[in-house]
Amino acid sequence: EAQVTQNPRYLITVTGKKLTVTCSQNMNHEYMSWYRQDPGLGLRQIYYSMNVEVTDKGDVPEGYKVSRKEKRNFPLILESPSPNQTSLYFCASSLRTSGSMQYFGPGTRLTVL
Amino acid sequence: QQQVKQSPQSLIVQKGGISIINCAYENTAFDYFPWYQQFPGKGPALLIAIRPDVSEKKEGRFTISFNKSAKQFSLHIMDSQPGDSATYFCAASSDTGNQFYFGTGTSLTVIP
């Protein structure tokens with residue numbers, strides 16, 4: 001089954017404690033992306049990756065890091081989380097950017113106290 | 001700056017009615033306009049998409065209307081059903097860029 005998996009699904013942490021949210025896809029997609037979803041703001045792109053070892057900033061990259069060492073995995077790293085990073089996070093993948101369907105993961109609900 | 005502007009924020013429609021959600025964009029380089037549907041607790045899923053070389057695309061009860069000169073596109077849901085109650089996002093991207101831009105979402109409620 002074609003899918004994007006994220007872990008953990010729910011996470012409560014404290015300010016400053018480093019965390020990683022994992023993302024994996026089984027469709028051999030080149031393009032992967034992280035979004036955060038906040039009420040009234042829709043989905044905003046944090047980082048994206050066009051292929052292995054190729055990553056770039058989206059619209060809201062501050063406070064986040066990513067890596068793409070393997071094609072299937074695209075972890076999101078928060079080195080020093082702050083309360084304003086409390087949000088719902090989605091990983092997505094697609095064959096390419098334009099004209100290509102994005103498959104979304106189930107989401108990770110993050111609360112930073 | 002919001003690259004894709006979506007309205008309304010929320011919409012209540014009677015069963016059997018027509019739901020209409022509108023989006024507008026400024027960047028003329030955009031050439032792919034998808035709509036995503038999201039149910040509570042789930043990730044968004046592609047519903048229907050259009051390229052600017054056509055003015056309309058229909059899939060079942062869902063239709064995208066595209067007005068290139070006005071830089072607007074809209075989603076029409078015919079014969080709306082309670083099962084259509086969800087949040088809908090429009091989006092845009094381009095072959096020359098690498099980013100996807102989403103609207104702020106519309107919460108649709110279809111009343112039985």
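These numbers come from the heavy atoms of this one structure, side chains and all, not from hydrogens, waters or symmetry mates. Note that the coordinates shown come from a computational prediction; the quantities given were computed from them, not determined experimentally.
Proximity to chain B is absent for every atom of A:Asp38, based on heavy atoms less than 4.5 angstrom apart. Only the side chain of B:Gln38 comes within contact range of chain A, judged by heavy atoms closer than 4.5 Å. Contacts of B:Phe30 with chain A are absent, with no heavy-atom separation under 4.5 Å from either backbone or side chain. Interface remark: B:Phe33 contributes no atoms to any contact with chain A (heavy atom separation under 4.5 Å).
The 12-atom threshold is exceeded at CD of A:Gln3, counting heavy atoms of other residues, nucleotides or ligands nearer than 6.0 Å. In A:Leu113, the CG atom is crowded: over 12 heavy atoms of neighbouring residues, nucleotides or ligands sit closer than 6.0 Å. Heavy-atom neighbours of B:Glu56 CD from other residues, nucleotides or ligands within 6.0 Å: above the threshold of 12. The environment of NZ in B:Lys5 is sparse: at most 12 heavy-atom neighbours from other residues, nucleotides or ligands sit within 6.0 Å.
Cluster annotation: B:Trp35 is connected to B:Val13 through the hydrophobic network of ILVMFWY side chains, with a link wherever side-chain heavy atoms come within less than 4.5 Å. No continuous path of hydrophobic side-chain contacts links A:Trp34 to A:Ile77 [ILVMFWY only; heavy atoms under 4.5 Å]. Hydrophobic clustering keeps A:Leu41 apart from A:Val60 (ILVMFWY residues linked when any side-chain heavy atoms are closer than 4.5 Å, directly or through intermediates).
Residue with the most contacts toward chain B among A:Gln37, A:Arg9, A:Arg44, A:Arg109: A:Gln37 (heavy-atom pairs, distance under 4.5 Å). Ranking A:Gln102, A:Met50, A:Gln6, A:Met101 against chain B, the residue ahead of the rest is A:Gln102, based on heavy-atom pairs under 4.5 Å.
Taking the six-membered ring wherever Trp is involved, the centroid distance between the rings of B:Phe100 and A:Tyr35 does not fall below 6.0 Å.
The two atoms that bring B:Asn98 and A:Tyr31 nearest to each other are O-OH, 2.6 Å, heavy atoms only. Considering all non-hydrogen atoms of both residues, A:Leu43 and B:Pro44 come closest at CD1-CG, 3.9 Å. Across all non-hydrogen atoms, the minimal contact from B:Gln99 to A:Tyr48 is CG-CE2, 3.4 Å.
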